[in-house]
Every structure is written in structure tokens, then in C-alpha cells.
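Take a look at the structure set out below.
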Amino acid sequence: MSGTVRRTLSRTPDGPWRELWRSVLKRLQELEAAYAGTLFEPSDWTALPVDFCKDCFHLKDWISSDTARVPMSARGRAADQYARQDPAIALTGDVANTAKHRTRKPGQTAAHVARVDLTDGGTTFTIEWKRPDGTTGTRDALELARAAVNGWRQFLTTHHMDENGT
């Protein structure tokens, strides 16, 4: 392949938290496109909400480890504690960890994509969860994703973090 290099993109393992934030927003857009019926059919429909949940929940780790770009108030355990206390973000963590480990340890909430409805007008996803006390429930995946993004936006605003910065 010949030609002039027009642009070089590089990533580092300790990249800024905004890299993962942009991925979270992109995955939200993919879910919205699936619901609207405008997403090209993926090879695994259940991966859409699960991948969103993984990135969304693990944003806490990227924020905590980005000491060059994150204010002191958001460092350390602040992002982790917030993610575990915000109901929507915590549920994304339950989905991500259930998918990763295929089950949960006693005392942990298990959650998974229980239903995918494909229609001519779009696709919907239902998340089902079971808490350690035996209570169960369901939540629409797009509603969960939007609530989790709003939760993170609240955290970013509280800690004076610009989601659109460089």
C-alpha cells in the first residue's frame, strides 16, 4: 500500500477517561439505532446492550486511573463508589459482570439480557435481574443506558469534568 500518511492515531493503555466515555456514547447511539430500526444487523444482538454495560460500568476505572486529567475530588474511590451507588450504573455493572463470569457469587445481583424482540420497526432488549434477597425485575436496555449516561453526566458535572474536552 503506497501513499502519504494523512493522519496517525495512537492509543496508550493508560489513555484518558474520555476515550472510554466516547465509546459509551457510541454504544448508546448503537442501541438507539437498533430501537429505531436503523442499525445494520449485528452478528450477535445481545452483544449490543452487554457491550454498552461493560464500557459504562468500567468507566469508573478509567476515571480513577487518569490522574493527569481528573480532578482530585474524582480520584481514588470516588468514581467506584458512585458507580456502585447509582442504580442505573450499578445495574450495568451487574450485567457486565454476569456476562463476564456467567454467574454471580452469593450476595451479588445477577443480570442478563433476557429478551431480544426483533420487529420491522426496530429491536428492543429486556434486562432481567435477581438480587441476593430473591427479588427480581426487568428493565428496558435503552432506558437503562440513557439513565446510566445521565448518571455519569451528573458525576462529571459534580466534579467539574468536561466530557467534551481533549
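Values below: every heavy atom of this structure, side chains too, minus hydrogens, waters and symmetry copies. Note that the structure is predicted; figures quoted are calculated from it, not measured.
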Testing the basics here: between [X] and [Y], what is the closest heavy-atom pair and its distance to 0.1 Å?
X: S64; Y: G76; value: OG-O, 3.1 Å
X: S73; Y: A78; value: O-CB, 3.5 Å
X: I63; Y: V70; value: O-CG2, 3.4 Å
X: A88; Y: A148; value: CB-N, 3.6 Å
X: L39; Y: W45; value: CD2-CZ3, 4.4 Å
X: P132; Y: T109; value: CD-OG1, 3.6 Å

Hey, are the side chains of [X] and [Y] touching, using non-hydrogen atoms and a 4.5 Å cut-off?
X: F125; Y: L31; result: yes
X: E32; Y: T38; result: no
X: F57; Y: R84; result: yes
X: W62; Y: W21; result: no
X: H112; Y: E128; result: yes
X: L142; Y: R146; result: yes

Measure from the side-chain N and O atoms of [X] to the backbone N and O of [Y], and report whether any donor-acceptor pair falls under 3.5 Å.
X: R18; Y: D162; answer: yes
X: D86; Y: G151; answer: no
X: R69; Y: W17; answer: no

Exercise. Tell me, yes or no, whether the heavy-atom count around R115 atom CZ, taken from other residues, nucleotides or ligands under 6.0 Å, exceeds 12.
Key: no
- Query: Got a salt bridge between R104 and D94, using NZ or NE/NH1/NH2 to carboxylate O under 4.0 Å?
  - Reply: yes
Distance from [X] atom [atom1] to [Y] atom [atom2], nearest 0.5 Å?
X: T123; Y: L48; atom1: OG1; atom2: CG; answer: 8.0 Å
X: H159; Y: M72; atom1: NE2; atom2: CE; answer: 12.5 Å
X: L91; Y: I89; atom1: CG; atom2: CD1; answer: 11.0 Å
X: T98; Y: Q108; atom1: OG1; atom2: CD; answer: 8.5 Å
X: T124; Y: E143; atom1: OG1; atom2: CD; answer: 13.5 Å
X: T92; Y: H58; atom1: OG1; atom2: NE2; answer: 8.5 Å

- Aromatic plane relationship, W152 with F155 - under 30° parallel, 30 to 60° tilted, over 60° perpendicular: perpendicular
Evaluation steps, side chain to side chain contact (heavy atoms under 4.5 Å, CB included), between T126 and V113: CA-CA 6 Å; T126 303; V113 178; over 6 Å; no
